[in-house]
Amino acid sequence: MARITFWFEFASTYSYPAAMRIEELAEASEVEVTWRPFLLGPIFNAQGWATSPFNLYPAKGANMWRDLERTCAELKIPFKRPTPFPQNGLLAARIATYGLSRAWGVAFTKAVYRTEFGDGQSIDSPTVLKGLVADAGGDADAACQGALTEINKLALKQATDQAIALGVFGAPSFVTDDGELFWGNDRLEQALCWAVSSD
């Protein structure tokens, strides 16, 4: 079966629609998806950026928010701009790293995105995240404890290092088994086609 790795970051705006639609599209294309959280902070820091480029370049940011609003409306998914932006998604990424080896991981990941960009709520609260784990069918206390272990923290760091080694520079990114990299929600279909054709 063809496979694709979905690299996502919870501060990434366009990872929201990608996360909401990748399962259905991948299933229709008979492509297996591996969900991989990573951190954009180290990548941005290497460019000398202390925040999102959408904040650094106001015209680009304004266009992105309007485009995301249109994209969500087309997909019929809710959208509300979170404040502040970007959100602190470190704990959420650690929980996702822990949870994606368990049955509730994908549901939790999608719930974080819906909370952040669908409801416009903060995702840095342990209480909020525990509720999302429970709603996804996981053990909230065990998830938070597991997320904060040194081995899990290291796993997220190693995932970020691996993403950088693959050439990932933004999110969402999709990497096929032959190493082809596709960047952006609008390249998801192309990535799936490539995965099938190169399988």
Side-chain angles (χ1 to χ4, degrees), residues 4-29 31 33-41 43-44 49 51-93 95-96 99-100 104-125 128-129 131-133 135-137 163 168-175 181-195:
I4 196 170
T5 302
F6 170 33
W7 292 93
F8 64 90
E9 221 273 18
F10 284 121
S12 163
T13 54
Y14 286 108
S15 290
Y16 169 47
M20 293 302 105
R21 66 198 196 97
I22 192 171
E23 287 182 299
E24 182 177 352
L25 291 176
E27 183 178 357
S29 299
V31 175
V33 178
T34 299
W35 296 59
R36 293 295 303 277
F38 75 110
L39 300 176
L40 279 171
I43 297 173
F44 287 173
W49 299 343
T51 185
S52 167
F54 294 127
N55 289 342
L56 294 172
Y57 304 100
K60 183 176 184 177
N63 180 264
M64 177 277 295
W65 287 117
R66 181 63 187 124
D67 183 61
L68 185 61
E69 185 177 35
R70 289 192 303 259
T71 298
C72 292
E74 182 179 359
L75 294 172
K76 296 181 173 56
I77 59 176
F79 170 72
K80 186 174 182 180
R81 180 175 173 173
T83 302
F85 174 81
Q87 294 277 309
N88 181 351
L90 178 59
L91 179 57
I95 294 175
L100 284 164
W104 52 267
V106 170
F108 167 79
T109 298
K110 292 168 67 174
V112 173
Y113 276 119
R114 281 192 299 268
T115 299
E116 182 180 14
F117 293 110
D119 302 331
Q121 296 180 15
S122 174
I123 59 164
D124 65 353
S125 164
V128 169
L129 294 173
L132 297 181
V133 171
D135 290 345
V168 172
F169 57 88
S173 287
F174 314 98
V175 179
L181 170 65
F182 299 83
W183 171 55
N185 172 59
D186 57 349
R187 290 294 180 265
L188 173 54
E189 287 86 350
Q190 189 178 34
L192 291 169
C193 287
W194 187 280

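Throughout, numbering of the chain's residues begins at 1 and tracks the sequence.
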List for me each residue that meets side-chain hydrogen bond (donor to acceptor under 3.5 Å, both in side chains) alongside [X], sequence neighbours excluded, and say none if there are none.
{"X": "E189", "result": "R21"}
{"X": "R36", "result": "Q162"}
{"X": "S125", "result": "none"}

Side-chain donor-acceptor contacts of residues 10-17 below 3.5 Å, not counting sequence neighbours, with atom names and distances?
| from | atom 1 | to | atom 2 | distance (Å) |
| --- | --- | --- | --- | --- |
| S12 | OG | S15 | N | 3.2 |
| S12 | OG | S15 | OG | 2.8 |
| S12 | OG | A171 | O | 2.8 |
| Y14 | OH | D67 | OD2 | 2.6 |
| Y16 | OH | P78 | O | 2.5 |

Check [X] against [Y] and note the closest heavy-atom contact, atom names and distance.
{"X": "A92", "Y": "V112", "result": "CB-CG1, 4.2 Å"}
{"X": "S52", "Y": "F44", "result": "CA-CE1, 4.1 Å"}
{"X": "I43", "Y": "V168", "result": "CD1-O, 3.6 Å"}
{"X": "E116", "Y": "P82", "result": "O-CB, 3.5 Å"}
{"X": "P37", "Y": "L100", "result": "CD-CD1, 3.6 Å"}
{"X": "F38", "Y": "G170", "result": "CZ-O, 3.9 Å"}

(request) Would you check if the side chain of Q87 reaches a backbone N or O of P84 as a donor-acceptor pair within less than 3.5 Å? (result) yes
Return the set of residues passing side-chain contact (heavy atoms from CB on, under 4.5 Å) with [X] (not counting sequence neighbours), or none when no residue passes.
{"X": "V33", "value": "I4, F6, I22, A26, W35"}
{"X": "D124", "value": "N88, S122"}
{"X": "D186", "value": "none"}
{"X": "W194", "value": "T176, D178, E180, F182, S198"}

When rounded to the nearest 0.5 angstrom, what distance separates [atom1] in [X] from [atom2] in [Y]?
{"X": "F8", "Y": "L40", "atom1": "CZ", "atom2": "CG", "result": "11.5 Å"}
{"X": "L90", "Y": "E9", "atom1": "CG", "atom2": "CD", "result": "9.0 Å"}
{"X": "L75", "Y": "R70", "atom1": "CG", "atom2": "CZ", "result": "13.0 Å"}
{"X": "R81", "Y": "M64", "atom1": "CZ", "atom2": "CE", "result": "6.5 Å"}
{"X": "F108", "Y": "T115", "atom1": "CZ", "atom2": "OG1", "result": "9.0 Å"}
{"X": "D119", "Y": "R114", "atom1": "CG", "atom2": "CZ", "result": "9.0 Å"}

(request) Return the set of residues passing salt bridge (Lys or Arg N to Asp or Glu O under 4.0 Å) with E27 (not counting sequence neighbours), or none when no residue passes. (result) none
(request) Please tell me if the side chains of V128 and I123 come closer than 4.5 Å, counting only heavy atoms from C-beta onward. (result) no
(request) Write out all pairs satisfying ring-ring contact (aromatic ring centres under 6.0 Å, His included) with one or both partners inside residues 52-90, taking only residues at least two apart or from two chains. (result)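 Of all non-adjacent pairs touching residues 52-90, those that pass ring-ring contact (aromatic ring centres under 6.0 Å, His included) are W65-F85.
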